[in-house]
Amino acid sequence: MTHPAPLDEQVDDARMWRDLEVFARYVKLSGSSQERESFAHLEAEMAAAGFETALIEHDAYISLPGAAALALEDGSERFECITHSFARATGPDGLVAEAVIVGAPTPENFAAVDLRGRIAVIDGLAASDATRRANLAGAVGQVHVMPHEHRHEMCISNIWGNPDAADMATLPATAVVTVNDADGARLKASLSGGQTRLRITAEVDTGWRKTPILQADLMPEGRPDAPFILFSGHHDTWYEGVMDNGGANATMLETARLIASRRGEMRRGLRLCFWSGHSHGRYSGSSWYADAAWAELSERCLVHVNVDSTGGRGNTSLADMPVCAELHGFGNEIVSRLTGQSLTGQRLSRAGDQSFWGIGVPSMFLTVGEQPVAEGTANVASGFMGNAGPARKGAGFGWWWHTPGDTLDKIDAEILRRDTRIYVETIRGLLTAETLPTDHANWASAMRGALAPLSDAPVLAELQLERSLALLDRIAAAAGPVPDLALRDLSHLLVPIDYTTGDRFRPDPALIAQAYPILAPLRAAVAAAEAGEEHRHHLVAARRSANRLAETLERAARLLEGLASPREVSHVA
């Protein structure tokens with residue numbers, strides 16, 4: 001009797017390449033006709049694999065950058081540039097103002113110059129944190145200088161998803177352009193030589209438009225309402241975007257086809273979602289879906305697996321694949337077994353379509369392989385996600401990321417196969433395991449590592465953080481296999497205090513955040529006290545966060561202890 005090869009070994013390279021060739025035909029701007037044509041291929045392939053499909057259209061606030069120009073006011077020198085999604089349009093006459101060199105976008109550098117009514121010249125990527133600092137400093141325009149020859153497209157909104165009426169006032173308020181290193185050097189030389197006034201001209205088309213989401217479901221036979229695993233990635237792109245995110249979409253299609261061939265083994269359902277609005281709406285698709293499908297996601301979604309930029313040429317380093325603490329062991333086992341590499345335990349950052357933390361859905365992955373770190377490497381694509389630093393093993397996704405160079409030749413078929421095998425095994429494991437492979441003792445240990453140093457701060461002594469530390473010990477002691485519905489309830493408690501500031505229904509801003517945002521008020525109180533500043537107003541927020549943390553941990557500990565001792569289930573909050 002012959003046995004079929006393991007599912008991950010059945011990945012069909014040729015089939016994925018055919019999908020990539022289709023994706024490479026289109027420039028998939030959010031809400032565009034070309035994007036819709038490419039979505040039609042996705043829907044046809046998912047239906048052919050046996051999935052029940054629904055193409056959903058919804059209103060999204062989308063920003064598409066157009067032509068841009070940068071020159072000295074007198075026109076004697078011009079600098080090639082691009083503008084950015086959600087930057088302010090200038091009108092045909094442009095914006096003229098005095099320019100000031102800021103350097104790196106650190107708080108210290110911004111504090112050292114007067115940017116009111118001026119154009120800030122800033123080193124590095126036009127990321128939302130840097131552009132927001134310039135806005136708050138009173139700048140009217142920004143020029144970002146890349147450390148290399150390439151200019152990367154960026155979405156600079158600090159709003160996660162569609163803005164509500166209150167959010168509109170916090171959207172970017174300045175014209176923003178990016179130049180490469182050579183033009184940046186010429187520009188700075190001109191400014192240092194006394195030519196201090198610049199003219200920025202930028203076209204940006206920002207407004208509401210219809211965008212698509214493809215939802216595709218495969219449920220266990222006879223269980224149409226089964227709990228499910230959400231597997232998602234965006235389909236909109238900058239330019240052809242064959243790596244970002246065509247590679248990931250090919251991975252999704254191939255994973256779906258293979259899983260469908262083993263439908264009889266599924267204990268849980270699988271839902272794939274292909275988003276629009278990732279690149280040009282700051283995750284507007286997944287954020288809208290989190291709002292619109294909130295009740296169903298809260299009731300049935302157990303884990304979210306995200307995928308972005310698989311198969312990139314030279315993206316050999318896997319160590320920084322991010323995963324939540326309770327699923328780190330599961331993810332690390334798969335990556336180690338298939339590739340020989342180990343995950344370093346990088347936290348998920350506020351990037352990608354991680355729109356489901358407020359609901360309480362744990363997440364696995366985002367990026368996959370990256371360029372290996374080498375001395376002198378600028379972590380351009382990794383730094384904007386808040387993961388830069390000495391612990392990093394990866395250095396971004398290749399120079400072509402968010403540029404016209406992201407074409408079919410940037411895909412390495414062997415690396416695409418490697419990445420897809422990881423996702424096939426991940427999805428297969430989550431669908432077929434008797435109980436999901438979570439490790440809440442590891443979650444408690446990670447949270448303890450963040451909280452314990454704060455418990456020693458004298459300014460926080462009255463908050464009685466020792467109670468929360470003791471509750472974390474109880475969670476670790478009671479952790480073990482958790483049935484699906486109990487895991488859902490446990491995740492609704494723990495995921496929001498892991499990754500959000502607290503509101504389950506409104507996403508936090510799309511800005512780099514420290515680990516465990518719930519602890520931010522406690523950190524602020526400590527910092528103010530250590531600086532000799534007034535700290536009592538920080539203590540107000542710190543006390544509320546400490547109360548929320550302790551109450552949530554108490555409920556989680558009772559839930560886990562109730563599972564270990566069935567007689568106590570009735571006492572679970």
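All values reported here derive from a predicted model rather than from experimental measurement. All values below were derived from every heavy atom in this structure, side-chain atoms included, with hydrogens, water molecules and symmetry-related copies excluded.
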Give a yes or no answer on whether the side chain of [X] reaches the backbone of [Y] with a donor-acceptor pair at less than 3.5 Å.
X	Y	value
Q341	S317	no
R268	F228	no
K410	G405	yes
S128	A510	yes
N249	H234	yes
T251	G247	yes
S261	L258	yes
S336	E333	no
S309	N245	no
D308	L366	no

Quick one: closest heavy-atom pair of [X] and [Y], and the distance?
X	Y	result
I415	G312	CD1-O, 3.5 Å
L430	P437	CD2-CD, 4.1 Å
I159	S157	N-OG, 3.0 Å
S286	D353	OG-OD1, 2.6 Å
H152	M146	CD2-CE, 3.3 Å
L343	M321	CD2-CB, 3.8 Å

Using 30° and 60° as the class boundaries, would you call the ring planes of [X] and [Y] parallel, tilted or perpendicular?
X	Y	answer
W294	F505	parallel
H278	Y283	perpendicular
F365	Y423	perpendicular
H304	F356	perpendicular

Using side chain to side chain contact (heavy atoms under 4.5 Å, CB included), reason through L338 and R418 one step at a time and then give a plain yes or no. CA-CA 8 Å; L338 295 181; R418 175 204 67 184; over 6 Å; no
Between I497 and L493, is the side chain to side chain contact (heavy atoms under 4.5 Å, CB included) condition met? List the steps. CA-CA 7 Å; I497 63 171; L493 295 171; over 6 Å; no
Does either side chain, that of [X] or that of [Y], offer a donor lying less than 3.5 Å from an acceptor on the other one?
X	Y	answer
W400	T407	no
Y239	E153	yes
Q354	Y499	no
T344	D320	yes
T211	S276	no

Assess the residue pair D498 and R347 against the criterion (salt bridge (charged side-chain N to carboxylate O under 4.0 Å, His left out)); give the C-alpha distance rounded to whole Å, side-chain angles, the decisive distance to 0.1 Å, and a yes or no. CA-CA 10 Å; D498 198 337; R347 277 179 62 85; 2.8 Å; yes
Any chance you could measure [X], atom [atom1], to [Y], atom [atom2], to the nearest 0.5 Å?
X	Y	atom1	atom2	value
S279	M154	OG	CE	10.0 Å
R282	S85	CZ	OG	9.0 Å
K393	L318	NZ	CG	13.5 Å
E254	R421	CD	CZ	12.5 Å
S284	D236	OG	CG	7.5 Å
I156	L171	CD1	CG	9.5 Å

Answer yes if the ring centres of W443 and H328 are under 6.0 angstrom apart, and no otherwise. no
Centroid separation H41 to F23 less than 6.0 Å: yes
Can you check whether [X] reaches [Y] side chain to side chain, under 4.5 Å on heavy atoms?
X	Y	result
S545	Y516	no
H144	T131	yes
R313	M243	no
L125	T178	no
D244	W238	no
R506	D167	yes
D13	T420	no
E221	M266	no

Before accepting this row, confirm whether a basic side-chain N of the pair [X]/[Y] lies closer than 4.0 Å to the acidic partner's carboxylate O.
X	Y	value
D129	R350	no
E37	R25	no
E414	R417	no
E45	R257	yes
R36	E57	yes

side-chain hydrogen bond (donor to acceptor under 3.5 Å, both in side chains) between D419 and T310: does it pass, once the steps are laid out? CA-CA 6 Å; D419 295 346; T310 57; 4.9 Å; no
Crowding at CD, E21 (>12 non-hydrogen neighbours, <6.0 Å): yes
Report the C-alpha separation of I229 and L302 in whole Å, then their side-chain angles, then the decisive distance to 0.1 Å, and conclude whether the side chain to side chain contact (heavy atoms under 4.5 Å, CB included) test is met. CA-CA 6 Å; I229 305 302; L302 298 175; 4.2 Å; yes
Could you check R271 against R300 for side chain to side chain contact (heavy atoms under 4.5 Å, CB included), going step by step and ending with a plain yes or no? CA-CA 11 Å; R271 173 170 294 179; R300 296 176 58 201; 4.1 Å; yes
